[in-house]
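Heavy atoms only: backbone and side chains are in, while hydrogens, waters and symmetry mates are out. Atoms within each ligand, like the ligands themselves, are counted from 1 in listed order. Bear in mind the structure is a predicted one, so any value in this text is a computation, not a measurement.
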Amino acid sequence: MATCATCGAPVPDAARFCPTCAAPVGTGPDQSERKLATVVFADLVGSTELGGSQDPERTRATLDRFYEAMAAEIETAGGTIEKFVGDAVMAVFGAPSSLEDHAERALHGALAMQRSLHELFGETLALRIGVNTGEVVVGKPREGSSFVTGDPVNVAARLEQAAEPGEVLVGERTVATARGAFEFGEAQTIEAKGKPGGVDCRRLLRGLSLMRPRGVGGLRRAFVGRDEEMEVLERAYAEVEDRREPRLVTILGDAGVGKTRIVREFWEGLGDRSPETLRRTGRCLSYGQGITYWPLAEVLKEHLGIFESDSPALVLERLGSREILGLTLGLDVAHGLHPLAARDRFQDAWVEFLEEIIAERPAVVLIEDVHWGEEQLLDLLERVVRDTRGPLLLIATARPEFLEQRPRWGARIRATTLELEALSSEDAVRMLDELLGGTLPAGLRELVVQRAEGNPFFVEEVLGTLIDRQLLERQNGSWRLAELPSDFAVPDTVQAVVAARVDLLEPAEKQALQAASVIGRIFWAGPIYDLVQGAEPDLRILEERDFIRRRPGSTVPGDREYAIKHALTREVAYASLPKAKRARLHAAFARWIERTGEGRDEYTPLLAHHYAEAVGADDSDLVWAGEELELGELRASALVWLRRAAEAAIGRFEIDDGLTLLHRALALEPDQADQADLWREIGRANVFKFDGEAFWTAMLSSLEGTTDPATVADTYSLLAFHTATRAAMWKRRPDRDLIAGWIDQALELSEPDAPARARALIARTYFDPEGSSEAAREASDLADRLGDIELRSWAWGARSEVAYSRGEYHEAFDWVRHRFAIVPTLTDPDHIALIYMFGLPACLATGRFQEARGISKAHDEVTGNLTPHHRMHAAWLLLAVEQAGGYWDAVRNLTPRAESAVAANIATPCSSNVSSLLVCALASVHLGNDKEARRLERSALGLGMEGYSFDALYVEIAIARG
Ligand SMILES: Nc1ncnc2c1ncn2[C@@H]1O[C@H](COP(=O)(O)OP(=O)(O)OP(=O)(O)O)[C@@H](O)[C@H]1O
Ligand SMILES: [Mg+2]
């Protein structure tokens with residue numbers, strides 16, 4: 001079935017319009033994308049009166065002038081006109097192609113539109129303008145209708161309606177993105193239909209600079225690394241000085257990597273020389289008209305002291321005999337010369353002018369951002385370096401794509417290229433340290449290093465966003481980092497820079513990168529070709545542009561393996577895909593793995609993830625509208641693989657991962673009985689975590705959805721069994737009546753020969769050992785009959801509990817030995833750990849001290865890879881043995897380990913948390929360190945376990961104190 005080019009939804013073969021979004025069905029490839037863009041709405045005020053008082057033809061002519069003027073301003077600022085409706089215009093910046101400075105351009109555009117309207121119509125007409133930034137979907141253009149859609153468009157329209165004539169109202173996200181380049185009014189909120197809280201915005205007052213200044217306000221200054229690169233600049237300069245001949249250094253590097261900054265540092269060093277080096281700067285602009293020689297015009301104006309406001313006559317006077325240089329400034333000074341002749345004269349004049357300047361002292365001229373430079377400018381720059389005689393260092397900065405535009409740049413002249421790479425992680429961390437000063441909060445370094453990928457601009461933007469959102473705050477001289485909300489994403493400014501870079505790719509390669517972003521940071525060539533459906537991407541181009549790297553070897557036999565170089569690139573490419581397309585790509589990749597993976601276990605998590613992503617979005621019904629069968633199949637696959645992956649994760653004791661997978665499955669599962677089953681699995685996983693509360697919640701949720709009597713009985717028996725056997729895992733000790741009720745329910749509802757009954761009987765024994773001798777015996781008979789080794793082990797445990805409770809320690813230990821004997825046949829490490837733990841008291845009670853030590857060591861070993869709770873139990877058992885033997889030194893040696901095990905387990909309550917610390921306190925008292933003992937007691941008290949008694953230990957401590 002075909003898909004809609006606008007929204008990606010399926011379209012029946014004969015349809016002329018998409019049933020999902022109503023877009024006409026086109027023939028071209030699906031080009032829709034999500035973009036971060038800025039939308040401008042402008043509406044003419046006063047045109048109705050105009051229409052009433054004028055001849056229609058005159059009105060028409062006025063409107064035409066208006067349209068033309070607005071179109072010209074929008075174009076100059078780099079925007080795209082979406083539509084004219086009546087006397088309103090809508091424009092978009094950052095779509096269809098991403099622009100890193102979409103917000104700045106939109107606002108400059110808005111100001112220019114106001115200015116231009118005023119010039120044309122004076123006070124008779126006025127414009128209301130609304131500007132807003134956000135994620136939009138760009139579809140294929142259709143006649144008479146917008147191809148950019150999304151909430152930001154509606155909000156921009158609302159802002160425009162709320163604006164006063166002559167006013168520009170700007171949404172907060174635009175303000176945040178362009179802050180520093182403009183002056184805004186006070187924050188205000190306007191009412192808007194469909195926005196219960198209204199829309200926050202500010203009035204645009206005036207422009208301050210073309211681009212937003214970089215850096216984070218209020219922080220210290222930092223400059224890190226770049227020693228070698230600085231040396232290259234120093235050497236080039238030394239050579240220029242020594243040989244008295246010109247040289248070109250081109251600094252190449254990604255946006256924000258630090259090209260401008262390194263020159264500025266070098267610049268400052270030059271100021272200290274004598275004679276002082278002459279320094280001049282010009283900058284290529286990313287948009288605008290008639291700006292061919294703009295950067296050289298800046299140099300000229302700076303050197304000759306010409307101001308923007310100077311009249312042409314005054315400028316000509318300043319130029320003197322070098323009148324021809326006026327071409328740089330856009331003055332008509334060619335006086336009818338043939339254009340080629342004029343060009344030659346012009347170039348010669350520049351060479352002469354520079355020679356004059358450097359006759360007395362060396363000069364460094366910096367031309368920034370030559371990737372935006374026009375051919376004539378670049379020609380002139382090369383010419384100047386070739387022909388000028390004297391000490392001139394020309395520095396050009398450029399983004400890497402520049403060399404593709406102009407591969408032979410600098411080839412015929414004395415030139416050096418300096419490639420700036422991202423900062424190393426160490427330098428990025430140093431940068432952070434220097435910017436913030438003081439102690440950095442835990443997690444900040446990792447966060448910034450990981451998000452910023454060594455790009456100093458990104459480091460600053462991530463920091464700035466954290467500070468703006470008050471997630472990073474200064475408190476008494478140090479910094480505090482709050483927990484990040486789940487929606488903490490790439491800052492808009494960074495996303496725009498990366499998206500603009502991705503958009504420079506040809507469609508096939510861009511599609512490949514997007515497909516790769518769905519597969520993950522690591523991907524393979526095979527599925528890419530599969531996923532791009534007909535496009536023929538050349539992955540080498542992505543390698544050359546430094547988006548991806550080939551990895552040595554491959555985990556998919558016979559298929560090349562690659563990695564997306566930066567996690568950011570992956571996030572941005574992924575964000576550019578409409579949800580419908582994402583879902584389809586996930587589905588296609590999942591199927592590819594299933595085809596090629598031949599059921600290999602290591603692919604289970606991948607299959608789970610991709611099938612779940614294909615159907616897991618909130619709007620999956622929309623994505624798969626009209627393809628319910630397909631959706632059903634995908635969902636079934638997602639459920640199968642999610643459960644398998646969960647089982648595997650829990651098997652590896654990666655309990656949290658397992659739980660995440662089970663909850664994802666639960667969200668997809670339509671069937672109530674299967675949901676109940678998933679809840680039971682969730683309950684079971686929480687048992688391994690000793691999370692009593694979550695265990696109960698899960699099991700009770702399961703009961704709600706269960707009707708089958710045997711399953712109900714089973715669920716009650718599990719509730720009772722785990723609660724009774726892990727009696728210490730609640731912060732507040734569970735209500736005994738509640739547990740007794742569950743045991744009764746399980747006994748009443750279960751069949752006489754069912755495992756549920758055995759479990760209920762075992763639960764009863766652990767719950768009340770003294771009164772359960774019969775129950776324990778029946779449990780062990782039943783378990784023998786059922787032949788279930790785990791149930792037998794627990795039943796023996798139950799019998800041991802009964803004997804122990806009656807003081808028959810030797811019998812109790814005999815049952816424990818039964819359990820020890822089967823350890824080699826058991827596979828569940830949690831069960832083995834519990835056998836040791838429950839066996840220890842009987843072992844000690846029968847005076848087998850050395851054997852008890854052995855048990856605590858064996859327990860320590862088997863819990864090594866389990867949860868923090870198990871690790872805490874391990875420390876507790878080791879302590880308990882040494883305490884029993886009165887080996888207080890040994891207890892003291894174990895104290896640091898016990899404390900850190902308790903700290904690591906702070907999330908799950910356990911009476912052993914408290915007992916461990918109290919035993920350590922007891923040892924300190926015995927060893928005469930009462931201060932330490934009090935400290936440990938205090939931290940035990942701080943754990944706040946309710947309803948458990950630690951009296952025996954407190955008594956011992958008191959006795960020891962004497
Ligand atoms: N080595 C560094 N140490 C600390 N901060 C740095 C370093 N390099 C750059 N920065 C900071 O990072 C930000 C981006 O740097 P810069 O503006 O020089 O990048 P750029 O490569 O010129 O980018 P563009 O291509 O967009 O012009 C600036 O605020 C700059 O001060
Ligand atoms: Mg720069």
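- For atom 22 (O) of ligand 1, the closest non-hydrogen atom of the protein is T260 OG1, 2.7 Å.
- Taking 4.0 Å as the cut-off, T397 does not count as a neighbour of ligand 1 on heavy-atom distance.
- Atom CZ of R550 sits in a crowded spot, with more than 12 heavy atoms from other residues, nucleotides or ligands closer than 6.0 Å.
- Applying the 4.0 Å criterion to heavy atoms of D369 picks out, from ligand 1, the atoms 27 (O).
- Minimum interatomic distance between V131 and A106 (heavy atoms only, all atoms of both residues): CG1-CB, 4.2 Å.
- Here the closest heavy-atom approach between residue Q495 and residue E135 is recorded as NE2-OE2, 3.6 Å.
- Crowding of R469 atom CZ: a count of heavy atoms from other residues, nucleotides or ligands under 6.0 Å exceeding 12.
- Closest protein heavy atom to atom 1 (N) of ligand 1: V224 O, 2.8 Å.
- Of the candidates P456, A222, S286, G225, the one placing a heavy atom closest to atom 4 (C) of ligand 1 is A222.
- The distance from ligand 1 to the heavy atoms of F223 drops below 4.0 Å at these ligand atoms: 1 (N), 2 (C), 3 (N), 4 (C).
- Scanning the protein heavy atoms around atom 31 (O) of ligand 1, the nearest turns out to be R261 NH1, 2.8 Å.
- Atom 20 (P) of ligand 1 has K259 N, 3.5 Å as its closest protein atom, hydrogens excluded (heavy atom only).
- Nearest protein heavy-atom contact of atom 29 (O) of ligand 1 is E460 OE1, 2.7 Å.
- Every atom of ligand 1 with a heavy atom of R399 under 4.0 Å away is listed here by number and element: 24 (P), 25 (O), 26 (O).
- E355 and T388 are not linked by any side-chain donor-acceptor pair at a separation below 3.5 angstrom, with hydrogens and angles left out of the test.
- Among protein heavy atoms, atom 15 (O) of ligand 1 sits closest to G258 CA, 3.7 Å.
- In terms of polar-atom proximity, G256 is counted as a contact of ligand 1, with an N or O under 3.5 Å from an N or O of the ligand.
- Counting protein heavy atoms only, atom 24 (P) of ligand 1 is closest to R214 NH1, 3.5 Å.
- The local environment of CZ in R203 is sparse, with at most 12 non-hydrogen atoms from other residues, nucleotides or ligands closer than 6.0 Å.
- No more than 12 heavy-atom neighbours from other residues, nucleotides or ligands sit within 6.0 angstrom of CD on E506.
- Looking at G253 next to ligand 1, no N or O pair under 3.5 Å apart turns up.
- Side-chain polar atoms of E302 and T281 form no donor-acceptor pair below 3.5 angstrom.
- With 2.8 Å as the limit, T260 counts as an N, O or S neighbour of the Mg ion (ligand 2).
- More than 12 heavy atoms of other residues, nucleotides or ligands lie within 6.0 Å of CD in E268, so this atom counts as buried by the packing criterion.
- Listed by number with element, the atoms of ligand 1 under 4.0 Å from a non-hydrogen atom of D254 are 21 (O).
- In the model, R105 has a side-chain atom that pairs as donor or acceptor with a side-chain atom of S286 under 3.5 Å.
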